[in-house]
Amino acid sequence: MQPLSAIVQMFHVYKTFDDNYRALIDINLRIEKGEFLFLVGPSGAGKTTLMRLLFREERASSGQIIVYGRNINKIKAGRIYQLRRKIGVVFQDFKIIPTKTVFDNVAYVLQVLGQPKSEIERKVYAALNRVGLEKRMDHYPKKLSGGEQQRVAIARAVVNDPVLLLADEPTGNLDADRAHEIMKLFNDINLHGTTVLMATHNIGLVGKMKKRAIYLREGKIAHC
Amino acid sequence: MQPLSAIVQMFHVYKTFDDNYRALIDINLRIEKGEFLFLVGPSGAGKTTLMRLLFREERASSGQIIVYGRNINKIKAGRIYQLRRKIGVVFQDFKIIPTKTVFDNVAYVLQVLGQPKSEIERKVYAALNRVGLEKRMDHYPKKLSGGEQQRVAIARAVVNDPVLLLADEPTGNLDADRAHEIMKLFNDINLHGTTVLMATHNIGLVGKMKKRAIYLREGKIAHC
Amino acid sequence: MLIARIRQILYFLHQGVKNLSVGGISAIIAVTSITCSLLLICLYFIISSHLTKAFDLEKDIRVVLYLKESVSKNRIEPLQQKLTNYEEILGIKYVSKEKALEKFHHILGEDAIILEGLNNNPLPASFEIELNHEAKEINRLKSVLHQWEVLPEVESVQGGVEWIEKLSGFIIALRISLCFLGGILIIISLFIIASTIHLTIDNRRDEISIMRLVGATDWYIKLPFLFEGVIEGILGGTLAIFLFWVFYEVLRWRITPCLQLIFNFSEINFLTMKQIFIVLLVGGVIGGGGSLLSFFLQSFQHR
Amino acid sequence: MLIARIRQILYFLHQGVKNLSVGGISAIIAVTSITCSLLLICLYFIISSHLTKAFDLEKDIRVVLYLKESVSKNRIEPLQQKLTNYEEILGIKYVSKEKALEKFHHILGEDAIILEGLNNNPLPASFEIELNHEAKEINRLKSVLHQWEVLPEVESVQGGVEWIEKLSGFIIALRISLCFLGGILIIISLFIIASTIHLTIDNRRDEISIMRLVGATDWYIKLPFLFEGVIEGILGGTLAIFLFWVFYEVLRWRITPCLQLIFNFSEINFLTMKQIFIVLLVGGVIGGGGSLLSFFLQSFQHR
Ligand SMILES: Nc1ncnc2c1ncn2[C@@H]1O[C@H](COP(=O)(O)OP(=O)(O)OP(=O)(O)O)[C@@H](O)[C@H]1O
Ligand SMILES: Nc1ncnc2c1ncn2[C@@H]1O[C@H](COP(=O)(O)OP(=O)(O)OP(=O)(O)O)[C@@H](O)[C@H]1O
Ligand SMILES: [Mg+2]
Ligand SMILES: [Mg+2]
């Protein structure tokens, strides 16, 4: 129905929380397939909330959201995993499983898909290598530094070449060099066809990358 | 014994973790009373580990650490709280208590000291106001955005005008404006006599502030 | 396809065992809760089977047929033959008038002096009849006794009905009470286990919600917990049986002497193989069921 | 200073209640675990007190003194007087020869025909003596019976010793078994509660470690949990007593008829005030103790 070139479309989306706090107001947004888009805005603007809507961690209060050709409001609870498997997410608070090693955390995304062991190993090695954590593979997350944990989260998000990558402040705990490497990684992935939506405060990064950026302020889109 | 002007002294401090990973190697450091000092270094350099040693979340493997005139290796387990009450810490992962509201999280530091209710309220309001969260006082942390949680952690660290403030990457989740405000807050506190040690990747901030900076790299001090 | 399925199931089993070993204290608590509950069930089994035994006084169910004074000796033999044909009869014994007096003498003991003044033997001849198990069914017994009462040779029939009526009433009451107690114990057990596993899983709620967020299906998350629960249950069962056995061996020598005094059996038997199997099965079922139950609760809590 | 102390304690109490309400399902589970355990203890109390009652057959402890044939009627009165002086005697009744025969007639029932042939009354006169509680102590009973045996008027002393010996052996065995059962139940209860509270606190380990990191003393962290445990325990106790009361009211009418058949008491009494108080106290103690215990475990785990 909608043009195949759009991977995300949001029509008049509102999100109001229980306490009547309006986190998102009348969001209209279209992300093209293969695009690299920044989501910028001050603390509390609604960046994380917008991303949460895209993989149905939260539901929109009103409005329609279409991801990869499906109206995600209409997906049944038992089928949400199908949506999520197409989307890689770097969570702002990492969300690493504390009882699994670094390797197992990254591998879990592939195990869920029932991929054979040898392929899982190959892919996980590659992903950890890309973020510079191949030596930390057998450690439990508690023993890692903040930046290392963030890189585990990044490795997990990209390990299966998702159709859509949502990265929420993925360089907040990384030094400039590391941050630059990660941006290169995202760029690579983007060139291989993954659509990337990245929320960040780092205006410097946004400037350097020369990509489209959306400005959120108090739940509303300011620029486009 | 040591000159009163030094608030932190570290002599040949090593930290080796269970898995024989050497996180800190021969650290010698002196922080003067009233100083504002940056701790800079790439991800995994040992910044957080160094700070953990100062309030005895971890113990040094060897070497001596003197904080506020006391050799903290020799403090008994039952007396550590006396050290911690003098130190305000902004944790890299925030460490906010999820079952307490924003207000109660910040107030806890004062309740522990047995301060009267009216004074606690006054101080907590003031601290939350300084980080721009006075309206979020009665919320539970789960409902806050990443940057808002970070600001709760900052408010808690400064609420009781600590002798020493350890801030571990306190602006990682904040936009430039907010980050600037927080730096102004730290500067204010510093001018009122609090010694500040701040770990960060944000070289830009370090440059602007024109303060002394220590560079950590693979557990060793590079510049001074 | 089949190989993939088997690989998946092996993966779940492996995860289950891994969870168990990572779970640490939580897992230990779950296992010991199940052990406690199953110990109660073992106790129930052993009390139940022995109480039944204690009041199942097979050989005490006797009936006496008193014969008429007028029955001559040569009619005894055919009557005995006739009675033996009843399938309810386990054993039959003729007691002549002389034998009856002798017995009475014996029963009276010191008081037997009163018999010294007797002119003739006033006691009737009788058949002492031992009934088999089937006859204990109260209605059947009544009908048989009635048939015997109307025999021409029989003066009266003594014993049986009232005693059996009382006894079977008591046994029924006892059985009901025991079932009741057992039911309460099982409900308490289930509650304890569901609580424990709920808390254990609640401890991992973040983990579970992360799994959901990275695309795991519900069953993919549930199955390892299910296997973990079943394994914990069976471990708990094994432990319970072992502890109960220790307990049994230690107590047997102390309790036995008292028993003989009160009941008419002198040995406590351990659980039968069937009961052991049931305990293990119940362990596995409540372990797995507890997991599912708490998962169910969980999904309500965190949706 | 004092006001500050009181303020602190009120703060801890307030935190305890707050924890409880924030705790949600964990708190509910803790309370219901305690309830289950205390229900078992209630059950133990009621079984224990009634079983003792059931076998404490006060009025059945009788002794019969048979008098010599030669004792004339006018020596009966002084003898009875003499016996009454013994403080072990609760009641005494003279049974003359005639009365004895009458009774014997009654006992024999249908068989009484054998008495028709008697020339003279062979039964002796006797004193039927009911003993009070103190005499049940086996050694005391023996010594008293021995004193009576050597009285010149007494032919023989019957009853008492063997029966009492058996009974007191049985009661001792029963008491030991009940204590044993009660002990097991209390251990299981403690275990369940410690586990539950351990898991509950384990659920909050991050919270606790944060409190430590921002300068709370151990006691400042512990006390709210302690109060929480005590409150949960008392809540659990109240609930247990209430449920047990419901249970009691529902069952009383069903069990009573069976009871009369088997034991010689016909009414089940509810827990006494003292027992209720003990249940609440035990609830509070295991609630608070469980908190402390699990806190202790915690400090080992996370140091
Ligand atoms: N579950 C919730 N209930 C109530 N309010 C919420 C909830 N989640 C988020 N909010 C509020 O919605 C606003 C937007 O939150 P969001 O996390 O989207 O901000 P953000 O742009 O990601 O900020 P940051 O850069 O600090 O992470 C915030 O003010 C936050 O307090
Ligand atoms: N408990 C631990 N056991 C083993 N290794 C540890 C432990 N804690 C930290 N490390 C390791 O020590 C090194 C230094 O960690 P630290 O957290 O101090 O780094 P950092 O400078 O704070 O990094 P970041 O900027 O990413 O937060 C890291 O490589 C980390 O993996
Ligand atoms: Mg955010
Ligand atoms: Mg760090």
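Below, chain A is the first sequence line, B the second, and so on; all start at residue 1.
- Heavy atoms of Asp19(A) lying under 4.5 Å from chain B belong exclusively to its side chain.
- Between Pro42(B) and Arg178(A) there is no side-chain heavy-atom pair separated by less than 4.5 Å.
- Looking at Ile203(B), there are no atoms closer than 4.5 Å to chain A (heavy atoms on both sides), in backbone or side chain.
- For Arg85(A), the CZ atom is densely surrounded, since the number of other residues' heavy atoms within 6.0 Å is greater than 12.
- A donor-acceptor pair is defined here as one N or O able to donate and one able to accept, closer than 3.5 Å; no such pair exists between the side chain of Asp175(A) and the backbone of His201(B).
- Each of Lys143(A), His139(A), Arg136(A), Lys135(A) was scored for a side chain to side chain contact (heavy atoms under 4.5 Å, CB included) with Tyr21(B), with one residue passing: Arg136(A).
- Within 6.0 Å of CD in Glu121(A) there are more than 12 heavy atoms belonging to other residues, nucleotides or ligands.
- A donor-acceptor pair shorter than 3.5 Å can be found between the side chains of Asn173(A) and Gln92(B).
- Annotation: Lys86(A), atom NZ; neighbour count of heavy atoms from other residues, nucleotides and ligands within 6.0 Å is above 12.
- Note that CD of Glu148(A) and OG of Ser43(B) are 5.0 Å apart. Values are rounded to the nearest 0.5 Å.
- Contact tally against chain B (heavy-atom pairs below 4.5 Å) for Ala23(A), Gly46(A), Ser145(A): the top residue is Ser145(A).
- Each of Leu174(A), Thr171(A), Thr49(A), Leu144(A) has some count of heavy-atom pairs under 4.5 Å with chain B, and the biggest count is that of Leu174(A).
- Counting heavy atoms of neighbouring residues, nucleotides and ligands inside a 6.0 Å radius, atom NZ of Lys211(A) exceeds 12 of them.
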